[in-house]
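Chain letters run A, B, ... following the sequence lines, proteins first and then strands; every chain starts at 1. These numbers were taken from a predicted model, which means no experiment stands behind them.
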There are 2 protein chains.
Amino acid sequence: MALKEELGLKKDFASPAHEALLSIYYTASIMKKRADDFFGKFGLTDVQFNLMNLLYYESGKEGGLSQAQISDMMLVNRANITSLVDRMEKAELVTRTAHANDRRYNIIKLTSKGRNLYTKVEPHYLEQVKKVMSPLDAAELKRITGMLEKVRRTLQV
Amino acid sequence: MALKEELGLKKDFASPAHEALLSIYYTASIMKKRADDFFGKFGLTDVQFNLMNLLYYESGKEGGLSQAQISDMMLVNRANITSLVDRMEKAELVTRTAHANDRRYNIIKLTSKGRNLYTKVEPHYLEQVKKVMSPLDAAELKRITGMLEKVRRTLQV
DNA sequence: AAATAATAGTTTATATATTAACTATACACA
DNA sequence: TGTGTATAGTTAATATATAAACTATTATTT
């Protein structure tokens with residue numbers, strides 16, 4: 001949900017802050033659609049790719065991540081990880097095994113199929129991102145992320 | 001889905017462009033949670049509030065909007081509007097009536113209950129937005145929205 | 001050690017989002 | 001005028017998101 005028209009049509013209604021909020025929503029919404037189109041070509045969603053990315057880079061020495069860790073890292077509710085892992089387990093992209101010492105935890109790891117798919121998709125993704133972003137110079141990007149970081153801190157997260 | 005950790009931990013992996021994308025995702029995700037918390041106090045979701053806002057400001061002279069218009073304005077799929085209007089019709093916030101001349105169209109209007117709720121919530125919302133955003137000066141906000149606008153154009157939307 | 005807390009994960013109900021296939025209606029043009 | 005096409009909305013299947021209530025396990029505290 002993005003409310004495109006608000007950005008242009010409601011100058012008398014929208015405060016600058018409100019405008020900025022809608023603008024961020026709108027941009028994120030468009031990017032999500034683009035990402036889903038892209039990852040769909042590989043039978044993935046953007047969320048599934050991002051979990052694979054996490055598992056690939058953050059679970060040191062094949063140690064895997066617990067669902068709670070994934071939930072924290074992706075900033076989504078625990079309940080959400082259950083169904084996400086269900087789907088990816090069914091697609092044989094990840095495994096879910098009980099932790100040896102603490103049986104409350106499930107340890108999620110990439111399968112070799114998952115790892116192969118990730119290493120196949122990642123370079124295309126990075127290339128795509130670079131292509132989309134290349135017209136913007138690096139300084140401007142730094143400024144955007146820096147300011148968003150500031151907005152985030154203002155929102156006390 | 002926001003991948004908080006990527007922003008800090010994967011400098012070697014994330015290109016500046018990739019970083020910027022994740023940053024926008026992350027910020028939008030946090031804002032959506034905040035908005036939902038806020039609107040939840042009034043029995044609304046952020047999406048429902050935004051539809052009410054559209055109907056309140058954009059449907060001139062009580063003319064209402066068709067579902068296709070709403071779909072275009074909110075940048076979401078047509079199918080989504082069906083269920084959104086279903087829920088809001090059930091809550092007696094909007095009505096759905098057939099267009100007199102072209103029976104393909106449904107015309108969606110705020111009920112008096114919907115209008116009353118909207119005018120009750122809006123000032124609180126604007127106050128809240130102002131409060132959250134006040135630490136940032138207007139110039140910075142202008143720059144953020146201006147740059148996001150540029151990103152959007154680069155994405156050819 | 002037993003009672004209580006906290007933590008991890010699941011389930012259920014709900015809201016939002018997509019695409020694809022469908023119906024109904026209106027338009028267009030040959 | 002009739003047929004093909006375009007448009008509006010719905011439905012179904014699927015993916016993601018939340019909160020709340022639940023089970024199982026571990027930690028703490030007396």
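- Using a 4.0 Å heavy-atom cutoff across all strands shown, A:Lys32 reaches no nucleic acid atom at all.
- As judged by a 4.0 angstrom heavy-atom cut-off over every strand, A:Thr82 is placed among the base-contacting residues.
- Here D:dT18 presents its C1' atom at 16 Å from CD1 of B:Ile30, a figure rounded to the nearest Å.
- As judged by a 4.0 angstrom heavy-atom cut-off over every strand, B:Asn101 is placed among residues touching the sugar-phosphate backbone only.
- Atom CD1 of A:Ile107 is separated from atom C1' of C:dG9 by 12 Å (rounded to the nearest Å).
- Counted by atom type alone, A:Arg34 and A:Gln128 present zero donor-acceptor pairs between their side chains at under 3.5 Å.
- A salt bridge links A:Asp36 to A:Lys32: at least one charged side-chain nitrogen sits closer than 4.0 Å to a carboxylate oxygen.
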Problem - Working for side-chain hydrogen bond (donor to acceptor under 3.5 Å, both in side chains), residues A:Asp46 and B:Tyr25 - result: CA-CA 12 Å; A:Asp46 65 333; B:Tyr25 260 152; 3.3 Å; yes
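- B:Arg96 has a side-chain polar atom (N or O) that falls below the 4.0 Å cut-off from OP1 or OP2 of D:dT10.
- Counting only heavy atoms from C-beta on, A:Asn80 has its side chain closest to D:dA17 among D:dA17, D:dT25, C:dT19.
- Take the nearest nucleotide of DNA chain C for A:Gln69 and for A:Asp37: the residue whose nucleotide is more 5' is A:Gln69.
- Using a 4.0 Å heavy-atom cutoff across all strands shown, B:Asn77 reaches at least one base atom of the nucleic acid.
- Judged by distance alone with a 3.5 Å cut-off, no donor-acceptor contact links the side chain of B:Arg104 to the base of D:dG9.
- In this structure, of D:dT16, D:dT26, C:dT11, it is D:dT26 that holds the atom nearest to the side chain of A:Arg103.
- Remark: C:dA5 base-pairs with no nucleotide; criterion is Watson-Crick or G-U wobble with both hydrogen-bond distances under 3.5 Å.
- Across all strands shown, B:Ser71 has no heavy atoms under 4.0 Å from either base or sugar-phosphate atoms.
- Among the nucleotides C:dT18, D:dG9, C:dA15, the one closest to any side-chain atom of B:Ala68 is D:dG9.
- Between A:Phe49 and A:Tyr125, the ring planes are tilted. Angles from 30° to 60° get that label.
- Distance NZ (B:Lys33) to P (D:dT16): 15 Å, rounded to an integer number of Å.
- Among the nucleotides D:dG9, C:dT16, D:dT16, the one closest to the side chain of B:Tyr105 is D:dG9.
- Distance, A:Leu93 CG to D:dA15 P: 12 Å, rounded to whole Å.
- No contact: A:Ser83 has no heavy atom under 4.0 Å from any strand.
- Between B:His99 and B:Tyr105, the ring planes are tilted. Angles from 30° to 60° get that label.
- Proximity of A:Gln67 to the phosphate of C:dT7: no side-chain N or O atom is located under 4.0 Å from OP1 or OP2.
- Computed from coordinates, the B:Ile70 CD1 to D:dT10 P distance equals 11 Å when rounded to whole Å.
- Counting non-hydrogen atoms under 4.0 angstrom, A:Ile81 reaches nothing in the nucleic acid.
- Rounded to an integer number of Å, the gap from A:Leu84 CG to C:dT10 P is 12 Å.
- Considering only side-chain N and O atoms, A:Arg78 lies nowhere under 4.0 angstrom from the phosphate OP1 or OP2 of D:dC22.
- When Watson-Crick and G-U wobble pairs are counted only if both distances are under 3.5 Å, D:dT1 pairs with C:dA30.
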